[in-house]
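Chain A is the first sequence line, chain B the second, and so forth, proteins listed ahead of strands; every chain is numbered from 1.
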There are 2 protein chains.
Amino acid sequence: MSATIKDIARICKVSEGTVDRALNARPGISKKTKEYILNVAKELNYTPNHLARGLAKGRSMTLGVILFDVRNPYFAQLMNAIEVKARELGYVVFPIFTHSDTQNERKALEHFKTRQVDGIIMFSVQSGHEFEKELLDLKIPIVTIGNRISGGWTYVGINERESMKDAVKHVVSQGYEEIIYICPPLTRRGEVNLYTLEERLAGCREGLSEMGKKEPLVIMDSDYIKAISQIDLESQPKKAVVCPADIYALEVLNHYKKNKIRVPEQIGLMGFDDIDTLKYISPRLCSVRYPVSEIGITAVNRLLEEINGNHNKHLNVLLLQHQIVTGESL
Amino acid sequence: MSATIKDIARICKVSEGTVDRALNARPGISKKTKEYILNVAKELNYTPNHLARGLAKGRSMTLGVILFDVRNPYFAQLMNAIEVKARELGYVVFPIFTHSDTQNERKALEHFKTRQVDGIIMFSVQSGHEFEKELLDLKIPIVTIGNRISGGWTYVGINERESMKDAVKHVVSQGYEEIIYICPPLTRRGEVNLYTLEERLAGCREGLSEMGKKEPLVIMDSDYIKAISQIDLESQPKKAVVCPADIYALEVLNHYKKNKIRVPEQIGLMGFDDIDTLKYISPRLCSVRYPVSEIGITAVNRLLEEINGNHNKHLNVLLLQHQIVTGESL
DNA sequence: CTGAAAGCGCTAACAA
DNA sequence: TTGTTAGCGCTTTCAG
């Protein structure tokens, strides 16, 4: 196989310890022997064995990443940012895509434990006491993104409630009086993490209330297209559909286009996430933008701080700024 | 830290070898002691250490994956399929996104070597003899996807030339006489892999020639939008823009929309890849569809065969079927 | 059926 | 400055 430290030691007629000192720039070695060893190592085309190193040091230099589905552009952006940042810092990532299945998430954590990852970045589906106990038992630093779990773990994201509140206020400021809020269920199995969903809905309610408008019509049906098609668009006052994700908004928009319903003339539409795809679609969707890549990068940085034990324990909620993106759909 | 085989052995008053036999369902152990050991292991919440196992067995049970950019939906789909399939088979993946930078690709391969991955799935930017030599030196099974390298490595993909030929023939069959083919350069650094690009262009030429049409107008400018805006759309005969990727076609379409040029009335448009995003865009783009996820799955299966040495050495080009997707843009 | 021991490649503590 | 040695946790071979 590949050359090992032992091989180099034998050839150079020095001890393995000395080779280690040369290869890893450790102190206590003469320049001469160091250069000699390095030369031989290069000739042998030596590459260190990370498995062995990890075993010896108790550090695998790998991070586990749990996301729903990388085919969703939002997760793809996160994935990209995390992978690039982690590698920049000498780590390599194991991604696992759960497709928001709680069983997959459980197995993923198990996987990471046996794989000896040094830390985990997780967008979780699960929640609840039992789940938190499992996480604690892992004894691995974890940073959560997207879905918050509890104060026990660092959370990197945006202020979900405020951002939706701002979105709704923007809609109202454009003259819309009635809000239809789309909020389909994520999945049915297990105890599911509803943090983001609930916060955004609460933000919607609060926003309307603060603007003195009436309660939103909340559509919780998974077939929300059918539900909205039953709404009377002719009656006053002006109505707008608000979605907690652009992908829902795009489905709604497709439905309206198919039925020759004009947006925003007959109904307003507001999305959330400001995904890249929007630039190809007209009318340009109003949405809420936030620095997705920054979330990934911040999560990696924080996770490494936690791994190295030099993090601020009193500050474990890291919120980034959101902003309203105006478009042609309101 | 976590419980180890040694701990279990001590508690059960047996040897480590016996514990190993129980834990890994190896033969030569009585049912009684096995059950006992398994119970103790469960109580201690034992989880195996994959680093140690990998080191001992010379198998890390990890695969390296090299892709351009997961934010591109095409790569995201590949990534998803590969990760899911690999995990199903007990492997875990290290993805590295090169952003089509040859330096990154080099470093990625280096990374994988030191990380002791058992195999690599690669969508390469590089090509050439020197590169091939590097790959050989790795002494790790490699399956290539997307960009073919040479007969030395398994390739999983579609027949690039035939698929573009079919695409062009379809365009011609819709009454278009003149083809504008978009073919922007990928990157400038290093010796770049142009396999796919060249094959598709060749397919375009062959298709036109076989249909008795004149040569395509090939736009090699990276600012292809500027280039197409100089084309006279009023003159006969009917013209169509053919793109070797939907993302180019979407940019072109955006340009036409902005300038109130009607597709397909004033000019036809053909894409390639049939990405998911298309379902949100009108007019529905004509494109070429092929089973992207299948490519990922096939690559994983083949790679494992190569790792285990039970692959068919005479068959190392695995081509999947493509199909023309008709839309409203022709 | 079970135990003992060597070894995977690297690190780290202690001697020399 | 260099060598020696004992691990890290698991697998594997050879005895018993």
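For the residue pair Ser124(A) / Asn193(A), a side-chain donor-acceptor distance below 3.5 Å is found, with atom types taken as modelled. One side chain, Arg106(A) or Gln126(A), offers a donor N or O that lies under 3.5 Å from an acceptor on the other.
Here the rule is ring pair (Phe, Tyr, Trp, His ring centres under 6.0 Å) with Phe68(B), and of Phe75(B), Phe97(B), Tyr74(B) only Phe75(B) fits it.
At dG7(C), none of the side-chain N or O atoms of Lys6(A) fall inside 4.0 Å of OP1 or OP2 (strictly under the cut-off). Side-chain nitrogen and oxygen atoms of Thr18(A) include none within less than 4.0 Å of the OP1 or OP2 phosphate oxygen of dT1(D). OP1 or OP2 of dG9(C) has not a single side-chain nitrogen or oxygen of Thr4(A) nearer than 4.0 Å.
Rounding to whole angstrom units, CG of residue Leu55(B) and P of dT11(C) are separated by 12 Å. The separation between Leu51(B) atom CG and dT11(D) atom P is 12 Å, rounded to whole Å. Regarding Ile5(A), its CD1 atom lies at a distance of 14 Å from the P atom of dG3(D), rounded to whole Å. At whole-Å resolution of the value, CZ in Arg21(B) and P in dC14(D) are 14 Å apart. Rounded to whole Å, the distance from CD on Glu16(A) to C1' on dA15(C) is 17 Å.
At a threshold of 4.0 angstrom between heavy atoms, the contacts of Arg59(B) with the nucleic acid are absent. Within 4.0 Å of Asp20(B), counting heavy atoms only, lies at least one base atom of the nucleic acid.
For Ser30(A), the side-chain atoms get nearest to dT2(D) when compared with the rest of dT2(D), dG9(C), dG7(C).
Note: Tyr195(B) and Tyr155(B) have perpendicular aromatic rings, judged against thresholds of 30 and 60 degrees for the angle between ring planes.
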